[in-house]
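First up is the structure itself, then whatever we jot down about it.
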Amino acid sequence: MLDYDQPINSQAKSQGAGEPRRSQGFNVVDLVLLLWRRKAAIAAAALLCACIAVAIGKSLTPKYAATAQLYVDPRELQLVERELTPRAQDVSGLAMVVDSEARVITSNSVLLQVIKNTNLDKDPEFGGGGDGKSLLGALLGLVGIEQRPTAEQQHQATMSALDALSRHINVRKTDRTFVVDIDVWSYEPAKAAMLANALSTAYLAESKQSQAAAARRATRDLSGRLKELQERLRNAENVLAVYKAQNNFVGTQDTLIADQQLSASNQRLAAARALTLDAQAKYDQIEASRRNSSDPGAIPEALQSPTIANLRAQYADAKKRQAELQSELGPRHPALRQVEQQVEDLRRTIREEIERFAQAAKNDLTRARDYEASLNKALDAQKRQSVQMSQASVRLRELERDVEASRDVYQSFLKRSRETEEQESLNTSSARVIGEATVPQRRTFPPAMSLLAMIGFVLGGLAAAAWIIAVDQLAPGADPIRPSKSTSPEKQTTAAPAKQPVLGKPAPQAAVSVIEKPVIARLQESDVMRTLGGILTAGQVADVTRLGWPTLRAGFPLMTFLGAIRDMCATLKKRAPASGTPVMAVIGAGSSVDRSVVALNVALSAARDGAKLLMIDADHQQRELSGKVVRLGKREAGRLGWLSIGSKATRAINTANGISILPVIEGGDARAAEAIRKSVAQARSVGGYDLIILDGPAMPWSAADRKLFDLADGLLAVLPVHLDINDCMEDILTALGGAERKLVGVVLNELNPMVESRQQDKQYA
């Protein structure tokens with residue numbers, strides 16, 4: 001068995017069955033025994049490191065941390081109807097407010113107030129100078145001269161204390177709560193507690209001052225606008241008053257005088273029209289009675305008149321006497337004629353009285369009509385005046401709206417100004433201290449000596465064990481300890497024949513010839529794509545991806561197969577002559593079509609890196625590649641148009657993939673091999689190719705085929721996984737003889753066998 005992770009040992013086959021071999025796997029028992037043998041050294045190193053860790057811990061200055069707790073409720077107290085700033089109501093907004101307040105605690109304004117209250121600018125722990133006196137200041141103090149720091153020095157000391165204090169503070173908010181923890185550490189326990197409490201006190205004072213300052217600033221801004229708003233309101237009211245006076249807008253609080261007059265005129269006109277209608281009806285009735293020759297005294301006015309009533313009484317008496325006299329006297333009797341004359345006089349008098357009633361009714365009708373006409377004329381004038389007033393009232397309402405808006409804004413500003421003025425003295429913040437910092441009893445750094453000793457002991461033991469293993473493995477002649485690998489079909493081990501000794505010198509018995517480890521690549525179904533051969537062929541330039549064979553997928557530059565082929569090409573270039581084109585021969589133990597498919601994909605891999613390739617069909621028996629190329633399309637001469645195998649009829653066929661293909665020549669083994677040697681020599685002499693790939697020859701190899709391996713700078717073995725790759729590799733190594741040193745790589749062909757596909761095609765055909 002061969003493991004391709006190890007160099008190939010050419011003397012493996014020559015070893016006897018009873019000769020012991022060195023173990024190449026990882027042996028846990030040997031590692032445990034090695035560490036057990038050195039247990040004293042490991043324990044000593046662990047104890048030493050534990051002692052060093054304890055000593056370091058003792059030398060470090062202890063730190064003490066004190067914690068003060070604040071309850072920061074973003075829902076502030078509503079002491080007045082409206083607050084200065086709107087408050088968040090949703091949960092996310094409240095959480096953001098608390099986070100912001102936590103950042104305010106570590107702001108420069110709060111920290112500077114703490115420094116001022118606690119005189120940290122004179123504390124050596126925070127960058128101060130103790131009592132603030134240097135050596136020169138102390139000497140001057142002896143003679144009674146006190147040296148005071150300058151403003152710049154004081155500012156520098158304050159900034160140094162601010163920077164140091166910010167590093168001593170850690171503010172964190174407990175999840176899903178409004179509680180903020182203020183952690184302050186110091187080298188002195190009492191100082192840590194004092195600073196934590198001072199920081200919480202300074203924050204509360206800063207919060208109150210910021211609210212008062214905001215209210216004061218708002219009051220100042222509002223008061224500054226009040227005078228301007230008042231002047232604007234006064235001007236608007238003056239303009240409104242002048243406009244009313246100019247347009248005679250005078251009246252009560254509800255209506256104007258013109259509107260009242262128009263309403264009264266409408267009422268009088270309606271009454272006058274009623275009187276006119278009444279007078280007209282009375283006059284028409286009197287005229288109708290007169291025209292009908294009826295009793296004129298039957299009208300209501302005549303019946304109500306005492307004069308007409310007296311006349312009618314007299315007329316009735318005269319009429320009675322006339323009737324009596326007519327019955328007693330003759331028609332010509334003077335007494336009768338006198339009575340008749342009296343009756344006629346009374347009738348004429350009554351008719352004249354009725355005429356006066358008719359004339360009076362006519363006069364009343366004329367007067368009513370005149371009065372109605374005068375009222376109509378006055379009403380028309382008032383209507384025209386009302387229209388003019390309505391047009392002027394548009395501007396009036398605009399001025400009134402301006403006055404009302406100015407009055408509302410002024411009153412709002414005035415009220416808000418009074419509220420903010422009162423709010424300056426109110427503390428609406430609900431933040432409070434719920435836990436004052438106490439003097440810590442235990443230090444926070446360094447940790448306990450027992451923990452330091454344990455950490456030092458473990459690290460020292462591990463370091464000593466690693467050092468012992470490294471020294472044991474790097475020592476000359478030591479057995480390498482490597483991870484064991486299970487035997488798999490992809491990684492096998494085999495042996496090559498022993499190297500022949502040089503003539504005249506016996507070969508040493510223990511000499512081992514080591515072959516450089518070849519690169520192993522895997523060609524899987526996921527790396528390739530399958531197309532229909534011949535049907536998709538178009539144009540005059542051949543395309544090797546349309547042969548009907550599985551070829552590499554396009555657009556996958558990071559495939560493992562491509563990386564392995566690059567490593568093989570790099571190894572091949574190292575072995576090739578400096579001035580010659582490297583030649584690679586692709587050999588395999590399986591079917592010829594599987595080997596040709598792998599050779600074509602190797603060429604495509606190199607072509608993707610921009611290499612110019614020449615691919616020669618060296619399998620004169622099966623001729624799989626030549627059969628595909630000849631059927632693909634019209635053969636054309638390449639740039640090296642004279643390059644051929646044996647005859648002018650067989651020339652290199654250029655493809656659209658940067659690969660030139662030389663089909664196989666008709667003839668025997670010797671003739672084909674000779675033609676291939678000439679073609680390789682021609683290609684190397686002229687140049688233009690970066691790599692030459694020989695597809696074949698197929699196994700078993702003849703003597704002429706073996707001579708082709710002398711042309712190749714490297715060999716690539718193809719092992720189909722549907723066969724036993726161990727047996728295939730053993731067959732290839734045995735057949736190569738001494739040429740196994742040219743192996744630059746092994747390709748495990750995991751594609752479906754092409755022979756079966758061909759059989760299926762024949763079956764369906």
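Predicted, not measured: the structure shown is a model, and the values here were computed from it. The analysis underlying the following values was restricted to heavy atoms, covering all of them including side chains, and did not include hydrogens, waters or symmetry mates.
- The number of heavy-atom neighbours closer than 6.0 Å to CD of Glu525, taken from other residues, nucleotides and ligands shown, is above 12.
- For Thr444 (side chain) and Lys63 (main-chain N/O), a donor-acceptor pair under 3.5 Å exists by modelled atom type.
- Salt-bridge formation is detected for the pair Lys191/Glu125: a Lys NZ or Arg NE/NH1/NH2 atom is positioned less than 4.0 Å from an Asp or Glu carboxylate oxygen.
- No side-chain heavy atom of Thr106 sits less than 4.5 Å from a side-chain heavy atom of Ile182.
- Across Leu723 and Cys728, no two heavy atoms sit closer than the pair CB-SG, 4.0 Å.
- Within the 4.5 Å cutoff, the side chain of Ser107 has heavy atoms near those of the Val104 side chain.
- A 4.5 Å side-chain heavy-atom check between Leu691 and Ile693 finds at least one atom pair inside the cut-off.
- Atom CH2 in Trp467 sits 12.0 Å away from atom CZ in Arg38 (nearest 0.5 Å).
- Within 6.0 Å of atom CE in Met449, more than 12 heavy atoms from other residues, nucleotides or ligands are found, so the atom counts as buried in its surroundings.
- Crowding of Lys573 atom NZ: a count of heavy atoms from other residues, nucleotides or ligands under 6.0 Å not exceeding 12.
- Panel note: side chain Thr150, backbone Gln153; a donor-acceptor pair is recorded below 3.5 Å.
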ask   = Given the rule in the side-chain contact (heavy atoms from CB on, under 4.5 Å) test, do Leu111 and Ile169 qualify, once you have shown the distances and angles that lead to the verdict?
value = CA-CA 10 Å; Leu111 297 183; Ile169 297 174; 3.4 Å; yes
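- Closest heavy-atom contact between Ala437 and Asn197: N-OD1, 2.7 Å.
- Put simply, the side chain of Thr177 never gets that close to the backbone of Lys173: no donor and acceptor are under 3.5 Å apart.
- Looking only at distances, a side-chain donor or acceptor of His168 sits under 3.5 Å from a matching main-chain atom of Trp185.
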query = After noting the C-alpha distance and the side-chain angles of Val602 and Phe561, does the key distance pass the side-chain contact (heavy atoms from CB on, under 4.5 Å) rule?
reply = CA-CA 9 Å; Val602 171; Phe561 182 76; 4.3 Å; yes
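- The two residues Ala66 and Pro440 make their nearest non-hydrogen contact at CB-CD, 4.2 Å.
- Leu523 places none of its side-chain heavy atoms less than 4.5 Å from the side chain of Leu748.
- A heavy-atom distance below 4.5 Å is found between the side chains of Gln154 and Asp121.
- Side chain of Gln69 to backbone of Thr67: no donor-acceptor contact under 3.5 angstrom is found.
- Atom NZ of Lys742 sits about 13.0 Å away from atom CE of Met584, to the nearest 0.5 Å.
- Considering all non-hydrogen atoms of both residues, Asp713 and Pro577 come closest at OD1-CD, 3.7 Å.
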query = What do the steps show when you test Phe457 against Cys49 for side-chain contact (heavy atoms from CB on, under 4.5 Å), and what is the final call?
reply = CA-CA 6 Å; Phe457 185 85; Cys49 289; over 6 Å; no
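- Side-chain N or O atoms of Thr734 include none that pairs as donor or acceptor with a backbone N or O of Asp731 at under 3.5 Å.
- To the nearest 0.5 Å, atom CG of residue Leu719 and atom CG of residue Asn749 are 9.0 Å apart.
- In terms of modelled atom types and a separation under 3.5 Å, the side chain of Asn601 and the main chain of Pro550 share a donor-acceptor contact.
- With hydrogens and angles ignored, the 3.5 Å screen pairs no side-chain donor or acceptor of Asp163 with any backbone N or O of Met159.
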message = Please evaluate residues Ile468 and Leu34 with respect to the criterion side-chain contact (heavy atoms from CB on, under 4.5 Å), reporting the C-alpha separation (whole Å), side-chain torsions for both, the decisive distance (0.1 Å), and the verdict.
response = CA-CA 8 Å; Ile468 290 173; Leu34 174 62; 4.3 Å; yes
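- Lys39 NZ: more than 12 foreign heavy atoms inside a 6.0 Å radius.
- Across all non-hydrogen atoms, the minimal contact from Ala53 to Gly456 is CB-CA, 4.1 Å.
- Using a cutoff of 4.0 Å between basic side-chain nitrogens and carboxylate oxygens, Arg103 and Asp99 are not scored as salt-bridged.
- A salt bridge links Arg566 with Asp609; the closest basic N to acidic carboxylate O contact falls under 4.0 Å.
- Annotation for Leu70 and Ser200: closest pair CD2-CB, 4.0 Å, computed over non-hydrogen atoms.
- In this structure the side chain of Met194 reaches within 4.5 angstrom of the side chain of Thr118, judged on heavy atoms.
- With values rounded to the nearest 0.5 angstrom, Ile42 atom CD1 is found 5.0 Å from Leu35 atom CG.
- Residues Tyr64 and Glu188 have side chains not in contact (no heavy-atom distance under 4.5 Å, counting atoms from C-beta outward).
- Here the OG atom belonging to Ser186 is positioned 7.0 Å from the CG atom belonging to Asp123, to the nearest 0.5 angstrom.
- Within the model, atoms CG of Asp181 and CD1 of Ile105 stand 9.5 Å from one another, a figure rounded to the nearest 0.5 Å.
- Each of Val519, Ile520, Leu743, Val746 was compared with Met568 under the side-chain contact (heavy atoms from CB on, under 4.5 Å) criterion, and only Val519 meets it.
- With contacts defined as side-chain heavy-atom distances shorter than 4.5 Å, the pair Gln113/Glu206 does not qualify.
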